[in-house]
K.L.:
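Here it is, the structure, as structure tokens.
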Amino acid sequence: MRRAAALALGVAAVAWAHALGETGAVPYAGTALALGFTLLGAWITGDLLRRFQLPRLTGYLIFGILVGPYVGNVITAAMTSQLQAINGIATTLIALVAGLTISLERLRSRLAAIARFTAATFAVVGVGVAILLWFAWPWLPVSPESTGAQRAVMVSLLAIMVASVSPTMTAAVTTETDARGRLSELVLAVVVLADLLLLVLFSCSMQLARATLHPDIGGPSLLVRFAWETGGALAFGVLVGALFALYLRYVGRQVTLALLAMCALLSQVGSTQQFEPLLAAVAAGLVIENLSVAQGDALRSAVQRGAPPVLIIFFVAIGSSLRIDTLRAVWPLAVALAAVRTGLIRLGTRAGLRASAIDPHIAEHAWTGFISQAGITVGLASVVASEFPGWGNELQTLLIALIPIHELMGPVLFRRGLARAREHEARTRRPLLVVSNREPYVHVRRDDGSVTWTTATGGVAVALDALMRERGGTWIAHGAGSGDRLVVDDADKVLVPPDHPSYALRRLWLEEPTFSAYYGGFANEGLWPLCHVVDVRPRFRSDEWAAYKEVNDRFAAAIDEELDRAETPVFLQDYHLALVAPALRARRAAVRTALFWHIPWPHPDRLRICPWRAELLEGLAANDLLAFQLERDRRNFIQSVEEELNAEVDLEASRIWVKDRPTTVVSVPIGVDFDRIQEIGAAEALATEQQRLHRTLDLHASIIGIGVDRLDYTKGIPERLAALDTLLTRRPELRGQLTFVQIGVPSRSHLHGYAEIEAQIADRIREVNQRHRVEGGAPVVVYRTAPLGIKSLVALYRLAHFCIVSSLHDGMNLVAKEFVAAREDEDGVLVLSALAGAAQELQDALIINPYDVDGFADALARAIDMRPDERRARMRALRRVVAGRNVFGWASDILEGLESLWTRPLHYAVRGWEDTAI
Ligand code: GDG
């Protein structure tokens with residue numbers, strides 16, 4: 001209904017503007033209204049064209065050009081000068097956005113090849129068009145009588161404009177199709193570079209035009225003027241860009257207005273000081289993008305808000321300067337010119353391919369991205385028209401007839417090109433390569449020879465499995481199950497989940513003694529204690545280090561075999577795989593890897609314990625993106641590479657440079673699958689499961705506390721038993737009323753430190769039970785070492801009055817978040833160690849120091865005595881935090897972060913007019 005009304009309004013607006021123009025009646029107020037309605041009409045046209053998969057910008061432009069001539073008839077003199085000011089702002093905004101699309105750092109290594117490709121391609125197009133225009137000149141509707149030098153400058157200006165392309169349209173198509181890959185990267189870089197190059201040539205030709213057509217003006221020599229026009233523009237643009245970057249960094253308020261003011265300044269100063277405002281604006285954009293990466297979001301939303309209205313008025317103003325009858329006359333010519341230009345672009349890309357080392361499979365489709373023309377071309381034409389009103393206007397008319405053809409053709413062809421290069425896919429369906437030490441599905445051989453399977457427990461494995469089911473791809477992991485070899489194919493792969501195959505699990509066979517030296521040795525007796533500040537000494541042995549390197553290399557070889565496309569993101573998990581990235585990069589330079597480090601990263605002083613710290617740091621820095629749980633880990637890592645490797649660090653962009661390669665280092669705290677846990681908690685079966693737990697665990701106490709952990713010396717289990725002991729000594733009335741359930745699943749039992757902690761926990765539980773047992777009362781500590789199924793775990797979370805997480809040091813701790821996710825009833829108290837990463841976010845828990853027994857016991861007493869309203873308030877606040885950052889958000893933050901290293905800056909150019917409805 002609203003759409004129909006909007007459409008009717010739009011049609012009425014157009015008809016009205018049309019009628020006003022025909023009769024020539026010019027009521028003053030009518031002009032403003034006509035422009036107001038044009039905004040509405042343009043918006044509707046943009047929206048309609050989107051349904052035909054054309055960018056909104058195409059709608060604005062076409063609407064402007066079609067309606068403009070009619071609006072032109074009702075425009076007053078006062079309005080004309082205001083429109084000219086808007087034109088200046090719009091053209092600089094367009095050029096600025098083009099500059100914002102180039103991240104020099106991202107292109108650094110490929111810049112030379114891309115520059116060669118661009119130069120060769122556009123030399124062919126420009127020269128080809130110029131030759132053609134020269135010979136066809138007498139038949140063109142642009143000052144046909146001119147000859148010699150005059151004709152030469154006109155031809156060169158027209159050829160430059162015909163060759164120019166549209167970074168904004170190209171970027172709009174890649175965003176709309178969600179294309180990611182080398183073709184879109186190449187095309188986007190080329191179109192911006194080409195426009196930069198053409199702008200300099202344009203500037204040069206304008207000088208020649210002034211000297212040839214207005215020789216009487218005099219003044220400094222041509223060369224000096226050209227140097228001033230180009231150099232002055234670049235210098236002024238760099239200055240304004242640097243100031244704006246500072247503004248974004250230190251002030252950052254009213255960014256949209258500041259952005260438009262900057263464009264006004266660039267165009268005003270440019271025209272009064274006689275230098276090219278467009279060039280200045282591109283330079284300013286480049287400086288902002290490359291100086292102020294972190295402020296990108298503010299800038300992006302400023303472009304979103306500021307660009308569309310300015311552009312619509314701009315297109316209408318351009319349209320208003322046209323005469324319909326002349327426009328009609330040049331259509332056939334424009335069509336012929338469009339055909340020739342397309343042919344030359346195809347020819348040019350072939351030349352570009354020969355001149356550069358760019359992969360021919362990619363470059364083959366690149367021409368489709370060079371067809372679109374929009375703002376830059378319109379801007380150039382309007383510059384010529386305003387400076388040379390006679391032939392400049394004729395030239396503008398010809399171009400304005402040409403641009404809509406390219407506006408419509410360009411996006412359609414580029415979409416096809418992207419589809420053929422297989423980049424035209426929804427991101428969510430883009431396959432993924434996950435690599436971890438542990439596998440998500442384990443096949444087990446039964447005694448009777450049959451094979452059964454189990455899933456990995458633990459929040460991360462479950463969440464990554466869900467992600468893989470959705471996206472497809474391959475997961476590479478160590479095949480550790482007794483039945484694993486029996487179910488794989490010749491390539492060591494099996495489709496999983498076994499009951500609903502969605503992706504491939506590639507198993508890697510790691511034999512003894514290599515496996516133990518890599519996993520039990522270097523990873524778990526070296527790195528694990530190194531990264532956790534607890535009283536367990538890391539052990540570093542060179543044979544284990546050698547095994548670790550060997551296994552990492554084998555993982556890399558497997559990834560290399562599985563990776564069919566360089567753009568497939570490789571998502572590496574954890575401290576077992578620190579050296580995979582360099583080994584993989586040695587096989588394939590152009591891979592995209594992200595590694596998530598699940599455990600803390602140590603302070604540089606502690607890292608010095610490790611004899612191979614430099615290799616480790618270099619190995620991690622071979623990833624494109626490196627993610628840690630906490631800010632502190634990220635800072636520690638950056639400080640470590642600075643100290644150990646003398647690496648170049650860009651703190652603003654959180655980027656390090658090791659061996660001339662950039663790595664972005666971020667902190668992305670992991671979350672849990674909130675919805676799934678909540679669903680299990682809300683299921684009817686929960687009550688039955690709770691009754692079963694009551695029976696099996698003997699839970700008839702009135703107060704129930706729980707702890708769920710892998711049996712690890714970092715989890716602070718003896719400390720929590722000591723606090724319980726203190727509590728029950730201080731408050732004997734709780735004996736027989738309080739039961740604490742400890743689920744402690746043994747892991748790494750044969751390793752140094754683990755057997756001791758298991759024995760110590762069992763002893764402490766025995767002691768506490770002996771000391772506080774009450775005849776006929778509820779048990780004190782119930783201890784289970786067998787893992788629970790996820791449903792039982794959630795049922796247990798739901799029946800607890802409090803949950804203790806008392807880690808001595810922990811990357812995050814998922815149990816804390818799972819407990820909160822399970823408590824849809826908004827009850828239960830979380831007692832959480834300040835030394836677990838989760839404490840950074842879960843500040844409404846009762847935060848304890850596990851080393852402070854008395855304080856810990858006080859907190860337990862507080863948890864038991866807490867009033868229901870306080871429990872509810874705290875749990876509500878905790879649930880908001882945990883729901884807001886689930887594990888899918890975590891994974892997509894990392895994977896999007898990885899992909900955005902190639903694409904993000906380009907979005908500034910797009911979202912301005914793609915996501916915004918005016
Ligand atoms: C590392 C970091 C970081 C435990 N018992 C049972 C069971 N579990 C599940 C829990 C939870 C997971 O195991 C343990 O997660 P944590 O976060 O506590 O710990 P780590 O294994 O040390 O993991 C840690 C994590 O990586 C993720 O980044 O948080 O800091 O050390 O999901 O539910 N699950 C079932 N039955 C059990 O008996 N089903």
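Start at 1 and go down the list; that is how both ligands and their atoms are numbered.
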K.L.:
Side chain or backbone, does Glu818 bring an N or O within less than 3.5 Å of an N or O on ligand 1?
P.N.:
yes
K.L.:
Is the closest basic N to carboxylate O distance between Glu544 and Arg539 below 4.0 Å?
P.N.:
no
K.L.:
Counting C-beta onward and ignoring hydrogens, is there a side-chain heavy-atom pair between Arg471 and Pro569 closer than 4.5 Å?
P.N.:
yes
K.L.:
Give the single entry among His809, Lys715, Gln629 that approaches atom 19 (O) of ligand 1 most closely by any heavy atom.
P.N.:
Lys715
K.L.:
Enumerate the atoms of ligand 1 whose separation from the nearest heavy atom of Ile743 is less than 4.0 angstrom.
P.N.:
38 (O)
K.L.:
Answer with yes or no whether the side chains of Arg613 and Ser640 bring together a donor and an acceptor at under 3.5 Å.
P.N.:
no
K.L.:
Using a 4.0 Å cut-off to any heavy atom of Gly811, which atoms of ligand 1 qualify?
P.N.:
30 (O)
K.L.:
Give a yes/no on ligand 1: does Phe819 have at least one heavy atom closer than 4.0 angstrom to it?
P.N.:
no
K.L.:
Residues two or more places apart in sequence or in another chain: which of them pass ring pair (Phe, Tyr, Trp, His ring centres under 6.0 Å) with Phe674?
P.N.:
none
K.L.:
Counting only heavy atoms, which portion of Trp597 has something under 4.0 Å from ligand 1: side chain, backbone, both, or neither?
P.N.:
neither
K.L.:
Using a strict 4.0 Å threshold on nitrogen-to-oxygen distance, state whether Glu644 and Arg608 make a salt bridge.
P.N.:
yes
K.L.:
Salt bridge or not between Arg676 and Glu679? Use side-chain N to carboxylate O under 4.0 Å.
P.N.:
no
K.L.:
For atom 6 (C) of ligand 1, state which one of Val708, Leu814, Thr714 supplies the nearest heavy atom.
P.N.:
Val708
K.L.:
Out of Arg710, His532, Gln573, who gets a non-hydrogen atom closest to atom 20 (P) of ligand 1?
P.N.:
Arg710
K.L.:
Where on Asn813 is there a heavy atom closer than 4.0 Å to ligand 1, on the side chain, on the backbone, on both, or on neither?
P.N.:
both
K.L.:
Holding to side chain to side chain donor-acceptor pair (under 3.5 Å), I want the full list of residues that pass it with Arg469, two or more places apart in sequence or in another chain.
P.N.:
Tyr441, Asp465
K.L.:
Does the ring centre of Trp612 sit less than 6.0 Å away from the ring centre of Tyr548?
P.N.:
no
K.L.:
Against heavy atoms of Pro787, which atoms of ligand 1 measure under 4.0 Å?
P.N.:
38 (O)
K.L.:
Quick one, Thr568 and Glu562 - any side-chain contact, counting heavy atoms below 4.5 Å?
P.N.:
no
K.L.:
Ligand 1 and Val815, any nitrogen or oxygen pair closer than 3.5 angstrom?
P.N.:
no
K.L.:
Below a 4.0 angstrom heavy-atom separation, can you tell me which part of Asp574, side chain or backbone, both or neither, approaches ligand 1?
P.N.:
neither
K.L.:
Could you say whether the N/O atoms of Leu788 and ligand 1 ever approach to under 3.5 Å?
P.N.:
yes
K.L.:
Number the atoms of ligand 1 from 1 as they appear, then name those within less than 4.0 Å of a heavy atom of Val745, with their elements.
P.N.:
5 (N), 38 (O)
